[in-house]
Number of protein chains: 2
Amino acid sequence: MPTPRDHTAQSATSTPSADEEKNERQLRQERILDAATTLLIRWGYRKTTIDDVAREAGVGKGTIYLHWKDKTELFQAAIWRASAQVTEEAKASIAADPQGGLAHRFWTHGMMAILRNPLLAKIMQGNSDIFQGFIGTLPQSTVAEAKEIFTRHFSQLQQAGLIRNDISVAIAYHIFGVLKLGLIHMAEFSDQENTPSYEELTEAMSELIQRWLEPVHLPTDSTTGKAIINDWMDQVNSQIPYNP
Amino acid sequence: MPTPRDHTAQSATSTPSADEEKNERQLRQERILDAATTLLIRWGYRKTTIDDVAREAGVGKGTIYLHWKDKTELFQAAIWRASAQVTEEAKASIAADPQGGLAHRFWTHGMMAILRNPLLAKIMQGNSDIFQGFIGTLPQSTVAEAKEIFTRHFSQLQQAGLIRNDISVAIAYHIFGVLKLGLIHMAEFSDQENTPSYEELTEAMSELIQRWLEPVHLPTDSTTGKAIINDWMDQVNSQIPYNP
DNA sequence: CTTTGACCGGAATGATGAAATTGGTCATCT
DNA sequence: AGATGACCAATTTCATCATTCCGGTCAAAG
C-alpha cells in the first residue's frame, strides 16, 4: 500500500472513452516492453526478474500477467519488437538507397539497423549470454521456417540476376550462418582495442559479400531486387508475432 | 606386481646401445602421445586422467612424469604434435600444388590438412569442449605472437601482389577470425543432415577467399608466394615447442 | 470492471561434510 | 641406472538439508 508513484495522468475525464482506454493499455504495454528491454540489456534474461520489470515500468507485478502469459512470452515480445523495429528500419534504408536491391547494400543496411538497436547490438557485440536459459524456448519450427524464407528469396535474387547462379543456396545459407555466428563470437573473443570499429567492419563485410555473391554484370533495373528484399523483410516480420 | 603386459621386445642384446635406448624412449613417448590424443578425442581434457593415458599406452603412471612435468604439459604436447603434423602436411600439399602460393589454394590445403587430422577435425567440427578446463593454460603471449606472424606474412603477400593491397591487415585478421570461429560454432549449431559436406564447404570457402582477397591480375611467378607461405608455416611451427 | 501486491509452492542457491577420485611422489623392484 | 604402482594430499563429487528467491495466482482494494 505505501507505494507512492507518479500517476501523472490523473484521469482528466472522469469516464475515459473506449478508445482512450485502448490507448492507455497500449502505452502501458510499450512501457513494460521498454523496461524489459532495458533490463535485458543490463542484466540478461536469467538475472532479470518479473518484479524488476514491474518496478522499472512502474506497474504491479500482476499487471504484466494481464499482457503476457509468462516470463518467456514477455521477453520474446521484447525481442520481437526489437526485431520488427530493425526490419522496418532496414526496409526504409533499402527503399531510400537507389542501389538497395544489391546483395551487399542489403547486408549493409541490415547490419547497420541491427547496430543502431541497443538490444540487438548488444547481442551482436558478443554478449550472447543475454539469453542465458532463454535459448531453446524458441520453437524449432521457427528456425526451419526462417531457413525456408531465406532459401526462397535467395533463389529469387539469383533468378533476377542479382546473385551469382553458380552457388548453391544450402552453401550460401550455411556460410551466412558462419558469418553471423563468427561476428558474434569474434567480438566476444578479441579485446576491445584490437577489434576494428563497426563502421570499418560493416564496410569490409559489405565488400566481402559483394565480391563473393554478386555477378560481374548486374541488371540495370533495381526495382526487382528491392521488391524481392522488401518481400523478404515482410515475411521475416510476419513470422514475428508482434502486434504494432 | 601381478600386471602381465606384452614386453614384446625383450632386449635382444643384453646391453642396448645408447642409440637404441634413445630410440626406445622416443617410441614410448610417441605411444603415450597417441594414447593421450585418442582419449582427448574420446573424453575431452577434463574427463581424461593420467591413469587412463598410462593404461592406454601400456606404461606405468610414473613413467609419464619421466617425460612431462604435469598433466597440462602432456596434453599440450599432444596438441602441439597434431598442429606440427598438420602444418607439415599443409606445407607438403602447398609445395606439390603448382598454384600453392595463391591465397585460396593455401586456405584449402590448410583446411583439408586440419580435417584429415582426427584431433583438430574434432575441434573444427564444433566439439570445442574438448578443452574443458584446459583453455587458459596457453600463455596469452602465444595469441599475440600468432597475430604478429599473421600480420607480417599477410603484408608480404600483399607486397608480392598475391593479395589485394586495398584491404587492411587488421580487418583481414579479424574476418579470418570470424570465419574460423563461425565455422566451428555453425557446425555445433546446425544439425548433421542440414550441414553441407566438408568437401563442399571447403570448396565454397576457398572460392570466397579467392573472390574476397585475390587481385584480378595475379603475378605469373608462383615461387614467391610459396616461399612466403612456407616461411609462415615454419614460424607457426617454431612457435610450437614440439621436438620431432 | 481493472489493478495490485501479499502470498504460495516449486526451484534455485548455498552450506556442510562424507566419500570417491586423481595428480603427483617416491620407496621398491627389476 | 630406469620403470613402476602403492600411497598421499588435495581436489572434486555427491548427498543432504536449510534458506532464499521468484514466477505465477488470487483475494482484496480501488
Side-chain angles (χ1 to χ4, degrees), chain A residues 1-7 9-11 14-18 20-29 31-32 35-36 39-40 43-77 132-134 137, chain B residues 1-11 14-18 20-29 31-32 35-36 39 43-77 132-134 137:
Chain A
M1 222 170 286
T3 312
R5 205 133 50 217
D6 56 315
H7 282 251
Q10 282 144 331
S11 63
S14 52
T15 40
S17 73
E20 268 170 351
E21 256 193 53
K22 196 81 187 176
N23 195 34
E24 196 70 30
R25 191 186 160 79
Q26 184 61 246
L27 284 175
R28 190 177 58 190
Q29 177 157 317
R31 228 169 55 237
I32 296 171
L39 297 179
L40 197 50
W43 302 115
Y45 177 77
R46 215 175 54 90
K47 297 194 84 67
T48 303
T49 70
I50 294 273
D51 245 350
D52 291 337
V53 176
R55 211 170 315 120
E56 176 84 16
V59 297
K61 187 153 70 123
T63 310
I64 289 180
Y65 288 89
L66 301 175
H67 288 266
W68 297 276
K69 197 175 105 275
D70 56 24
K71 190 184 177 185
T72 62
E73 294 228 337
L74 164 64
F75 284 94
Q76 269 186 31
Q132 281 285 0
F134 181 63
T137 312
Chain B
M1 221 173 282
T3 313
R5 202 137 48 223
D6 57 316
H7 281 250
T8 34
Q10 280 144 334
S11 62
S14 53
T15 38
S17 73
E20 268 170 355
E21 255 195 55
K22 197 81 188 172
N23 194 34
E24 195 72 29
R25 192 189 158 76
Q26 183 60 245
L27 283 175
R28 188 177 60 189
Q29 178 157 316
R31 228 168 55 237
I32 295 172
L39 297 179
W43 302 115
Y45 176 78
R46 214 175 54 91
K47 296 195 83 68
T48 303
T49 72
I50 294 272
D51 243 350
D52 291 338
V53 177
R55 211 170 316 120
E56 176 85 14
V59 298
K61 187 151 73 121
T63 309
I64 289 181
Y65 288 90
L66 301 175
H67 288 266
W68 296 278
K69 197 175 104 277
D70 56 21
K71 190 184 176 184
T72 63
E73 294 228 336
L74 165 63
F75 283 93
Q76 268 186 30
Q132 282 285 359
F134 182 64
T137 312

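Numbered from 1 within each chain, the chains take letters A, B, ... in sequence-line order.
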Does A/R55 make a side-chain N or O approach to OP1 or OP2 of C/dG5 shorter than 4.0 Å?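 Indeed not, no polar side-chain atom of A/R55 lies that close.
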
Should A/T63 be listed as having a side-chain N or O under 4.0 Å from OP1 or OP2 of C/dT3?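 The answer is no; no side-chain N or O of A/T63 sits under 4.0 Å from OP1 or OP2.
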
Do you know the tightest heavy-atom contact between [X] and [Y]?
{"X": "B/L74", "Y": "B/I32", "result": "CD1-CG2, 4.0 Å"}
{"X": "A/V53", "Y": "A/A35", "result": "O-CB, 3.8 Å"}
{"X": "B/A77", "Y": "B/W68", "result": "CB-NE1, 3.5 Å"}

Using whole Å, what does the distance between atom [atom2] of nucleotide [N] and atom [atom1] of [X] come to?
{"X": "A/E73", "N": "D/dG23", "atom1": "CD", "atom2": "P", "answer": "15 Å"}
{"X": "A/Y45", "N": "C/dA12", "atom1": "OH", "atom2": "P", "answer": "12 Å"}
{"X": "A/I64", "N": "D/dG24", "atom1": "CD1", "atom2": "C1'", "answer": "12 Å"}
{"X": "B/R28", "N": "D/dG2", "atom1": "CZ", "atom2": "C1'", "answer": "8 Å"}
{"X": "A/H67", "N": "C/dT3", "atom1": "NE2", "atom2": "C1'", "answer": "10 Å"}
{"X": "A/L66", "N": "C/dC1", "atom1": "CG", "atom2": "P", "answer": "12 Å"}

Would you call A/Y45 and A/K71 a side-chain contact if the rule is heavy atoms closer than 4.5 Å?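 SC-SC contact between A/Y45 and A/K71 confirmed.
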
Just to verify, what does B/D70 make a side chain to side chain donor-acceptor pair (under 3.5 Å) with, not counting sequence neighbours?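 Applying side chain to side chain donor-acceptor pair (under 3.5 Å) to B/D70 gives B/T72.
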
Using a cut-off of under 3.5 Å, enumerate the N/O to N/O pairs linking the protein to nucleotides 9-11 of chain C.
none

Between the opening five pairs and the closing five pairs of the helix from C/dC1-D/dG30 to C/dT30-D/dA1, how far apart are the helix axes, to 10°?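 Roughly 20°, once rounded to the nearest ten degrees.
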
Please table the atom pairs, donor to acceptor, closer than 3.5 Å between any side-chain atom in residues 56-67 of chain B and protein atoms at least two apart or in another chain.
unit_1 : atom_1 : unit_2 : atom_2 : d
B/T63  : OG1    : B/G60  : O      : 3.3
B/H67  : ND1    : B/Q29  : OE1    : 2.9
B/H67  : NE2    : B/R28  : NE     : 3.2
B/H67  : NE2    : B/R28  : NH2    : 3.1

Quick one: what's the B/S/- string for nucleotides 20-25 of chain C, heavy-atom cutoff under 4.0 Å, read 5' to 3'? --SBBB

